[in-house]
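Here's the structure we're looking at; comments come further down.
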There are 2 protein chains.
Amino acid sequence: MEQQSLNRAGLKQCIIDGGLKATHQRIVIFEALEALHGHHPTAEDVFQLLKPANPSISLGTVYKTLDSFVEAALIRRVLSEEGGKRYDANTVSHSHIYCSNTKEIIDYEDAELEQLLQDFFSKRNVENFEIKSFAVQLTGNKVEPDKQISIKPVN
Amino acid sequence: MEQQSLNRAGLKQCIIDGGLKATHQRIVIFEALEALHGHHPTAEDVFQLLKPANPSISLGTVYKTLDSFVEAALIRRVLSEEGGKRYDANTVSHSHIYCSNTKEIIDYEDAELEQLLQDFFSKRNVENFEIKSFAVQLTGNKVEPDKQISIKPVN
DNA sequence: ATCCTAAATAAGAATTTTTCTTCACTGAGA
DNA sequence: TCTCAGTGAAGAAAAATTCTTATTTAGGAT
């Protein structure tokens with residue numbers, strides 16, 4: 001409980017620093033995003049997580065708040081093949097792997113890769129564009145050791 | 001006209017090779033996708049392009065067909081921050097630049113970058129994943145020389 | 001060439017996702 | 001404390017996507 005309070009003060013400051021009023025709704029929404037770290041939630045996901053403890057919160061507010069946060073660069077939109085809007089409180093430059101089987105989006109952090117691209121784009125000049133960020137999008141299939149098909153021999 | 005007929009035969013074969021029945025609707029949808037090369041259209045975009053010449057085509061068919069094409073790997077879904085489903089008939093590995101001002105998605109083809117990543121991922125082993133493809137997503141702002149603000153001095 | 005059948009389509013209803021509108025309310029500075 | 005621009009709730013509205021059903025069609029078999 002006390003740690004949550006501490007976090008809340010921090011979150012509040014973040015929101016203010018982003019140039020937004022630090023309302024209760026915004027604070028709990030930000031909190032939910034941090035709780036869902038690595039899950040790349042939709043507005044609906046955040047809403048569902050919040051509802052039990054905040055029965056009066058409105059889905060419209062969640063949508064609007066998430067977009068305000070993105071505009072204030074407090075969070076990011078996550079690129080999606082599936083067509084929904086997804087958000088990520090992790091603003092540190094990182095990449096994602098999209099699993100075409102499970103439709104999951106998984107964080108992929110690779111310092112070496114980051115450096116490689118950093119170097120590349122510091123030299124490379126992209127015509128007519130002021131590049132602000134880059135990330136690698138990997139597509140693949142999860143190889144789950146536990147989901148291996150194993151036919152147990154009779155006897 | 002004759003070239004279109006030629007293309008149609010080719011497209012038809014593509015569709016069959018993808019394991020799908022080559023219906024008229026599928027052929028004209030594929031044709032529309034090629035015409036919209038580099039535009040990363042939505043289902044609605046394709047529908048609007050097709051409707052004048054194919055008044056009986058149904059939007060639902062366009063949605064379903066595009067998904068069938070993706071499943072058959074004839075086309076790709078384009079990653080989007082905006083949350084809509086976008087498609088691309090260009091299956092050659094390439095990257096995209098997202099312009100946060102105009103919300104446009106622009107193709108970025110860079111052989112050197114492709115090679116760099118190819119090399120990187122041929123060595124790098126991503127745990128629990130069988131990587132099938134990769135692409136760089138750039139975010140930035142278009143610098144349009146013609147859109148410069150210039151205040152003409154009085155007199 | 002004709003027939004047959006599984007697959008595909010049109011049409012529109014239904015569902016899901018997102019945005020918008022209105023009005024009441026509240027955070028934070030004067 | 002007072003004020004007010006910004007914010008929230010609620011739900012209507014709009015946009016995007018999927019589903020249902022009866023009808024039609026492609027392509028293989030006859």
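The analysis underlying the following values was restricted to heavy atoms, covering all of them including side chains, and did not include hydrogens, waters or symmetry mates. Lettering of chains follows the sequences in order, A, B, ..., and the numbering in each one begins at 1.
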A:E44 CD to D:dA16 P, straight-line distance once rounded to whole Å: 19 Å
Protein-nucleotide distance (B:L66, atom CG; C:dA8, atom P), rounded to Å: 15 Å
Spacing of A:I29 atom CD1 relative to D:dT7 atom P, expressed in whole Å: 12 Å
A:D107 side chain to A:H96 side chain, donor-acceptor N/O pair below 3.5 angstrom: yes
Check: B:D45/B:H40 side-chain N/O donor and acceptor closer than 3.5 Å: no
Distance-only donor-acceptor check, side chains A:E109 and A:S95, under 3.5 Å: no
B:K103 atom NZ, over 12 foreign heavy atoms within 6.0 Å: yes
Pairwise 5' ranking along DNA chain D for B:L59 and A:G60, keeping only the more 5' one: A:G60
Which nucleotide in D:dA26, D:dA9, C:dT26 has an atom nearest any side-chain atom of A:K21: C:dT26
Residue-phosphate contact under 4.0 Å: A:T23 side-chain N/O, D:dG8 OP1/OP2: yes
Separation of C:dA7 P from B:L20 CG (nearest whole Å): 12 Å
Distance in angstrom units between A:K64 NZ and C:dT18 C1', rounded: 13 Å
Side chain of A:K85 - closest among C:dT18, D:dT18, C:dA10: C:dT18
Nucleotide of D:dA10, D:dT18, C:dT9 approaching A:S58 most closely (side-chain heavy atoms): D:dA10
Closest to the A:Y63 side chain, choosing from D:dA9, C:dT9, C:dT18: C:dT18
Euclidean distance, atom CD1 of residue B:I16 to atom C1' of C:dA8 [Å, nearest integer]: 15 Å
Touch class at under 4.0 angstrom, heavy-atom based, for A:D67 against every strand present: sugar-phosphate
Heavy atoms of other groups near A:E71 CD, more than 12 under 6.0 Å: no
A:G83 vs B:A22, nearer the 5' end of DNA chain D by closest nucleotide: A:G83
Residue closer to the 5' end of DNA chain C, B:Q25 versus A:T42 (nearest nucleotide): B:Q25
Whole angstrom value for the distance that separates P of D:dG6 from CD1 of A:I15: 17 Å
Side chain of B:K12 - closest among C:dT9, C:dA28, D:dG27: D:dG27
Integer-rounded Å distance: D:dG8 C1' and A:L50 CG: 13 Å
